[in-house]
Asks: 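I'd like to ask you about the structure that follows.
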Amino acid sequence: MLTNKPKTKILVDGGDPEETLGIKSLLGFVDGQTTNPSLIAKNPEIQKRLAAGHLLSAQEETDEYKKIVQSISPLVGDAGVSIEVFADLDSRADEMLAQGQEMFTWIPNAYVKYPCTHEGLRAAEMSVQKGIRVNMTLCFSQEQAAAVYAATKGSKEPVYVSPFVGRLDDRGEDGMDLVRNIKKMYERGDGHVHVLAASIRTIDHLLCSFFLGAELATVPNKVLQEWAAADFPMPDHDFTYKAVDAKGKSLKPIAYKDLDLNLPWESFDLAHELTSKGIQKFVADYQSTLRRSA
Ligand code: G3P
């Protein structure tokens with residue numbers, strides 16, 4: 001059991017309530033959970049149905065997603081359960097908003113996930129005005145995080161932004177630098193956006209997220225098990241993060257940019273290849289569970 005609870009809230013990055021329950025007994029608590037279409041596609045109940053040759057209709061998929069988050073919802077603390085809208089590269093803000101509004105009613109502690117795209121930000125801007133909590137996902141640049149800040153200014157609830165650390169590492173860039181840079185940029189802000197370190201692949205990612213003061217980190221079961229097996233190490237004051245990939249090759253630093261958070265959100269360059277790729281991957285994983293409609 002974890003006795004020395006970190007300041008960073010710990011969320012489970014997964015789509016299986018049984019797994020969340022197991023982690024809760026491992027740590028003694030779970031602050032929250034993040035889900036996404038890929039994680040839902042891996043849910044054991046959905047996998048069982050697929051193995052039995054039963055592809056789902058879109059409605060069945062939505063019903064399953066709802067059931068899953070309703071089982072997870074009471075297991076977690078005040079960081080809530082993030083539920084992701086089904087969006088492709090052509091999805092419009094009003095379509096995402098309609099889904100988000102519906103998903104927000106599923107559980108009392110929902111956060112609706114929208115991608116860090118122009119349309120996703122428009123959906124987020126409208127959502128926060130309606131009191132819907134949001135988690136902006138697939139964040140790969142400081143510009144996107146600046147736009148999240150500007151688009152959701154005035155939100156009464158904390159807004160989450162999710163920089164994807166591991167996927168930047170995957171292409172040789174130091175994903176932890178993005179978390180560091182966003183935290184630094186937000187020092188000049190009003191504190192309404194909380195940084196949720198995501199795509200955490202290693203204990204070092206987790207410890208560095210603690211060290212950088214990320215408000216939240218979402219962590220897959222595998223990394224939490226490794227952390228527990230190592231007796232829950234914590235970063236000390238002179239913690240240094242080794243920015244290397246799995247093969248020990250140095251990761252390229254990501255430079256800090258001086259961005260003005262008071263600019264209109266549309267003025268920031270939102271394009272990032274990994275955001276588009278991430279959306280396409282979610283679409284593919286979602287569609288792998290779906291029955292083609294005639
Ligand atoms: O938290 C985001 C996560 O689910 C993506 O992780 O390992 O697929 O990059 P990964």
Side-chain angles (χ1 to χ4, degrees), residues 8-17 19-20 23 30-44 46-47 65 68-69 72 76 79-87 110-117 120 134-141 144-145 148 159-179 182 193-210 212 214-227 245-246 251 254 272-286 288-289:
T8 299
K9 290 182 181 169
I10 298 182
L11 288 70
V12 174
D13 197 18
D16 175 12
E19 181 185 79
T20 307
I23 294 168
V30 162
D31 288 313
Q33 173 115 9
T34 54
T35 66
N36 64 42
S38 305
L39 295 168
I40 294 303
K42 284 192 204 137
N43 171 276
I46 293 192
Q47 281 299 321
Y65 199 175
I68 293 165
V69 297
I72 294 170
V76 307
V81 181
S82 293
I83 314 171
E84 185 151 346
V85 298
F86 299 111
Y111 277 74
V112 175
K113 281 173 97 175
Y114 298 114
C116 279
T117 57
V134 300
N135 174 356
M136 301 307 293
T137 191
L138 292 168
C139 174
F140 292 100
S141 73
Q144 289 175 335
V148 168
V159 165
Y160 299 163
V161 66
S162 296
F164 272 37
V165 175
R167 292 196 193 179
L168 283 163
D169 285 13
D170 287 345
R171 63 172 206 178
E173 294 176 49
D174 180 2
M176 286 312 320
D177 270 350
L178 178 61
V179 175
I182 297 172
V193 186
H194 293 186
V195 177
L196 196 174
S199 184
I200 296 288
R201 309 267 181 77
T202 63
I203 298 181
D204 273 358
H205 282 158
L206 182 62
L207 299 194
C208 190
S209 302
F210 294 164
L212 295 175
E215 283 84 358
L216 317 104
T218 187
V219 194
N221 181 45
K222 182 177 167 281
V223 176
L224 290 171
Q225 296 293 342
E226 287 167 10
W227 188 44
D245 69 11
L251 296 166
I254 300 175
H272 198 288
E273 192 196 352
L274 292 182
T275 303
S276 309
K277 279 195 173 161
I279 291 173
Q280 284 165 323
K281 165 102 174 71
F282 286 150
V283 170
D285 288 342
Y286 168 61
S288 72
T289 68

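Numbering of ligands and ligand atoms starts at 1, following listing order.
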Asks: Mind listing the closest non-hydrogen atom pair of Thr137 and Ser162 along with its distance?
Replies: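 What the structure gives for the nearest pair is CA-CB, 4.1 Å.
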Asks: Quick check on Thr34 - does any of its heavy atoms sit under 4.0 Å from an atom of ligand 1?
Replies: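 It does not, in that no heavy atom of Thr34 comes within the 4.0 Å cut-off of ligand 1.
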Asks: Which residue supplies the protein heavy atom nearest to atom 3 (C) of ligand 1, what is that atom called, and how far is it?
Replies: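 Heavy-atom neighbour on the protein nearest atom 3 (C) of ligand 1: Asp13 OD2, 3.0 Å.
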Asks: Using the rule given for side-chain hydrogen bond (donor to acceptor under 3.5 Å, both in side chains), can you reason through Thr35 versus Tyr65, listing the C-alpha separation, both sets of side-chain angles and the distance that settles it, and then say yes or no?
Replies: CA-CA 9 Å; Thr35 66; Tyr65 199 175; 2.6 Å; yes
Asks: If you compare all heavy atoms of Phe140 against all heavy atoms of Leu178, which two are closest, and at what distance to 0.1 Å?
Replies: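 Looking at all heavy atoms of both residues, the shortest contact is C-CD2, 3.5 Å.
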Asks: Under a 4.0 angstrom heavy-atom cut-off, which atoms of ligand 1 come close to Thr218?
Replies: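 By the 4.0 Å cutoff, the relevant atoms are 1 (O).
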Asks: Out of Ser162, Ser199, Ser38, Pro163, indicate the one that has the non-hydrogen atom closest to atom 9 (O) of ligand 1.
Replies: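 Going through Ser162, Ser199, Ser38, Pro163 one by one, Ser199 has the nearest heavy atom to atom 9 (O) of ligand 1.
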Asks: What are the atoms of ligand 1, with element, lying closer than 4.0 Å to any heavy atom of Arg167?
Replies: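 The atoms of ligand 1 under 4.0 Å from a heavy atom of Arg167 are 5 (C), 8 (O), 9 (O), 10 (P).
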Asks: Please tell me whether Phe282 and Phe86 form a close aromatic pair, meaning their ring centres lie under 6.0 Å apart.
Replies: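 No: the rings miss the under 6.0 Å criterion.
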Asks: Counting non-hydrogen protein atoms only, what is the nearest one to atom 7 (O) of ligand 1? Give residue, atom name and distance.
Replies: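 Heavy-atom neighbour on the protein nearest atom 7 (O) of ligand 1: Arg201 NE, 2.7 Å.
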Asks: Just verifying a value: how many Å separate Asp13 CG and Gln33 CD, rounded to the nearest 0.5 Å?
Replies: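 Asp13 atom CG to Gln33 atom CD measures 8.0 Å (nearest 0.5 Å).
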Asks: Give the atoms of ligand 1, by number and element, whose distance to some non-hydrogen atom of Asn36 is under 4.0 Å.
Replies: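 Reading through ligand 1 atom by atom, the close ones are 4 (O).
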Asks: Given that the side chain starts at C-beta and the backbone is N, CA, C, O, which of these parts of Ile200 lies under 4.0 Å from ligand 1, counting heavy atoms, or is it both or neither?
Replies: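 Within the 4.0 Å criterion, Ile200 makes no contact with ligand 1.
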Asks: Any idea which atoms of ligand 1 are less than 4.0 Å away from a heavy-atom of Phe164?
Replies: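 Result: 2 (C), 5 (C).
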Asks: If the plane angle is over 60° it's perpendicular, under 30° parallel, otherwise tilted; pick one for His194 and Tyr160.
Replies: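 The rings of His194 and Tyr160 lie parallel, inter-plane angle below 30°.
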Asks: When you look at Arg201 and Asp170, which way does the salt bridge (charged side-chain N to carboxylate O under 4.0 Å, His left out) test go after all the steps?
Replies: CA-CA 10 Å; Arg201 309 267 181 77; Asp170 287 345; 3.0 Å; yes
